[in-house]
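What's counted below: heavy atoms across the whole structure, side chains too, no hydrogens, waters or symmetry copies. Order of listing sets the numbers, starting from 1, for every ligand and every atom in it.
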Amino acid sequence: MLKIWGRRNSINVQKALWTAEICGRAYDSIEVGGAFGGTQEPNYLAMNPNKVVPTLQDGEVTVWESNSIVRYLASRYAIDGFWPGEPAARSRAERWMDWQLSTLNTPMRDLFWGYVRTAPEKRDVAALQEAFTLAGAAMRILDAHLSSNAFVAGETFTMGDVPVGCFTYRWFTLPLDRPDLPHLARWYESLHDKPGYRRHVMVTMT
Ligand SMILES: N[C@@H](CCC(=O)N[C@@H](CS)C(=O)NCC(=O)O)C(=O)O
């Protein structure tokens, strides 16, 4: 059985939990990190020297970096095109996974920390506005892409939808004065049909 190490309120752990469910794999969820601690213990450091979550164990195989875990599970276990086998099709999914890390991650992390983990009186309003501007610019790019694509990699749901799907829940749930992005909203609402998305991602942010 898979072991997924990491607290379930971590967006990067949620990617792994949702993907395991998409792939129909049973798993043990071992909550470490944050208030749970454990990421600096020798047994954890031996698996993941970065002191962060998630880490996946699949028998003798250990994987860290959440998007690498998504890729690993998808390529090893997925059916029905979730892991596109054809290189050009796969690149259409992978670019949005890399885009999540390179473009969307930092402003969304700043918004999450500002609104969820910082008391109102301690918030840096200017920094939050800057993060909102950057996240909004990124979401406009995704919205334009989704105007002619049902899912991020084209006409079918793939692993590429997982990382951006996790962040899009936060985009639509944080108290932001969001611009109207109808294609993004249509795609986001289509994810609500996925039981694993509702179970692991659409949860109270803490
Ligand atoms: N790029 C890494 C980032 C991992 C990361 O920063 N994880 C955060 C939680 S989202 C973490 O471990 N924070 C410290 C902790 O929870 O103890 C990944 O995607 O796996």
Side-chain angles (χ1 to χ4, degrees), residues 2-23 25 27-58 61-78 82-83 90 93-118 127-128 131 134-135 138-139 142 152-153 158-174 191 196-197 199-206:
L2 302 176
K3 285 187 182 173
I4 298 175
W5 296 77
R7 53 188 171 82
R8 298 168 73 101
N9 64 347
S10 150
I11 195 165
N12 291 311
V13 174
Q14 290 168 3
K15 295 174 191 172
L17 294 168
W18 183 22
T19 303
E21 187 155 327
I22 291 165
C23 296
R25 307 307 295 183
Y27 57 83
D28 277 336
S29 161
I30 305 141
E31 296 210 88
V32 293
F36 294 92
T39 53
Q40 320 238 357
E41 300 298 323
N43 70 317
Y44 191 82
L45 291 173
M47 294 188 293
N48 185 342
N50 302 295
K51 305 177 185 168
V52 294
V53 294
T55 301
L56 172 77
Q57 284 184 304
D58 182 15
V61 177
T62 300
V63 188
W64 45 260
E65 274 298 328
S66 58
N67 289 358
S68 292
I69 292 170
V70 172
R71 287 182 173 91
Y72 170 81
L73 290 173
S75 62
R76 179 144 192 200
Y77 295 115
F82 180 67
W83 186 78
R90 191 161 66 251
E94 294 201 300
R95 71 190 65 173
W96 290 103
M97 300 171 79
D98 294 340
W99 179 84
Q100 176 267 303
L101 275 177
S102 65
T103 304
L104 194 58
N105 195 68
T106 299
M108 287 304 300
R109 180 203 60 200
D110 292 349
L111 290 171
F112 172 77
W113 272 89
Y115 285 113
V116 177
R117 300 249 173 99
T118 306
L128 280 172
L134 291 171
M139 289 303 192
L142 182 55
V152 303
T158 69
M159 65 179 178
D161 292 289
V162 169
V164 280
C166 292
F167 279 83
T168 302
Y169 170 71
R170 292 188 170 183
W171 169 256
F172 278 103
T173 307
L174 288 168
L191 299 181
Y197 189 66
R199 193 179 349 271
H200 299 301
V201 182
M202 298 181 73
V203 296
T204 305
M205 289 180 276
T206 56

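Checking side-chain atoms of Asp161 against main-chain N and O of Thr158 turns up a donor-acceptor pair under 3.5 Å. Within the 3.5 Å criterion, the main-chain N or O of Val52 finds a donor-acceptor partner in the side chain of Asn48.
Ion pairing between a basic and an acidic side chain is recognised when a charged N comes within 4.0 Å of a carboxylate O; Arg76 and Asp58 show such pairing.
Atom CZ of Arg170 is separated from atom CE of Met202 by 13.5 Å, given to the nearest 0.5 angstrom.
Protein neighbours of ligand 1 below 4.0 Å, counting non-hydrogen atoms: Arg7, Ser10, Asn12, Gly33, Gly34, Val52, Val53, Pro54, Glu65, Ser66.
Taking the ring axis of Tyr77 as reference, the NZ or CZ atom of Arg25 stays within 45° of it and closer than 6.0 Å to the ring centre.
Between Thr62 and Met47, the shortest heavy-atom distance links the atoms CG2-O, 3.7 Å.
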